[in-house]
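Presented below is the structure to which this report refers.
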Amino acid sequence: MSRSMDPLAKKIFKGVLIAELMGVFGAYFLFNKMNTSQDFRHTMSKKFPFILEVYYKSIEHSGMYGIREQDQEKWLSSKN
């Protein structure tokens, strides 16, 4: 009986592994895009502010300060 479950278990494992890898690469792509583009961060602040807040906190946790303030200054000056 366990032999008939082996192919199913392998398929499930492969599916979970692929989903995990897609999640890791997606998170890396999103972080890299936010890290290199202030305009993209501005778009994220309008559509997904909670994700941008996680980005700011992770950057500040790593010891890089001032990005949030630079963004806010630019966005305020572009409104005027």
Side-chain angles (χ1 to χ4, degrees):
M1 185 175 203
S2 66
R3 287 194 177 265
S4 65
M5 295 296 284
D6 277 348
L8 178 61
K10 285 182 181 180
K11 286 183 182 180
I12 291 172
F13 177 75
K14 285 181 183 177
V16 169
L17 183 63
I18 289 171
E20 286 284 331
L21 288 173
M22 288 175 59
V24 168
F25 285 119
Y28 173 77
F29 171 78
L30 184 64
F31 179 84
N32 190 39
K33 186 78 171 170
M34 283 194 289
N35 203 31
T36 57
S37 174
Q38 193 174 38
D39 292 332
F40 185 71
R41 287 194 301 269
H42 187 69
T43 302
M44 291 298 288
S45 74
K46 291 179 180 177
K47 293 183 178 181
F48 304 105
F50 57 93
I51 294 175
L52 185 63
E53 185 63 28
V54 170
Y55 166 77
Y56 285 141
K57 287 185 185 247
S58 68
I59 289 294
E60 290 167 355
H61 185 67
S62 70
M64 296 174 57
Y65 298 98
I67 294 175
R68 181 191 310 250
E69 291 79 11
Q70 289 174 359
D71 288 348
Q72 289 172 350
E73 286 176 14
K74 182 179 179 186
W75 300 337
L76 285 175
S77 67
S78 67
K79 282 184 181 180
N80 296 334

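Computation of the quantities below employed the complete heavy-atom set of this structure, encompassing side-chain atoms and omitting hydrogens, waters and symmetry-equivalent molecules.
- Glu69 CD: more than 12 foreign heavy atoms inside a 6.0 Å radius.
- Atom CD1 of Ile12 and atom CG of Leu17 lie 13.5 Å apart (nearest 0.5 Å).
- The distance from atom CG of Leu52 to atom CZ of Phe50, rounded to the nearest 0.5 Å, is 10.5 Å.
- In this structure, Ser37 contributes its side chain and Lys33 its backbone to no donor-acceptor pair below 3.5 Å.
- His42 is listed as a side-chain neighbour of Ser45, based on a closest heavy-atom distance under 4.5 Å.
- In terms of hydrophobic clustering, with Ile, Leu, Val, Met, Phe, Trp and Tyr side chains grouped at heavy-atom distances under 4.5 Å, Trp75 and Ile67 are assigned to a common cluster.
- Rounding to the nearest 0.5 Å gives a distance of 3.5 Å between CD1 of Ile59 and CZ of Phe31.
- Here the straight-line distance linking atom CZ of Phe13 with atom CG of Leu8 works out to 14.0 Å at 0.5 Å rounding.
- When side chains are defined from C-beta on, Ile51 counts as touching Met34, because their heavy atoms get closer than 4.5 Å.
- A 4.5 Å side-chain heavy-atom check between Leu30 and Tyr55 finds every atom pair outside the cut-off.
- Here the CD atom belonging to Glu53 is positioned 10.0 Å from the OG atom belonging to Ser58, to the nearest 0.5 angstrom.
- The minimum heavy-atom distance between Tyr56 and Arg68, with the atom names listed, is CB-NH2, 3.2 Å.
- Separating the NZ atom in Lys74 from the CZ atom in Arg41 is a distance of 9.0 Å, to the nearest 0.5 Å.
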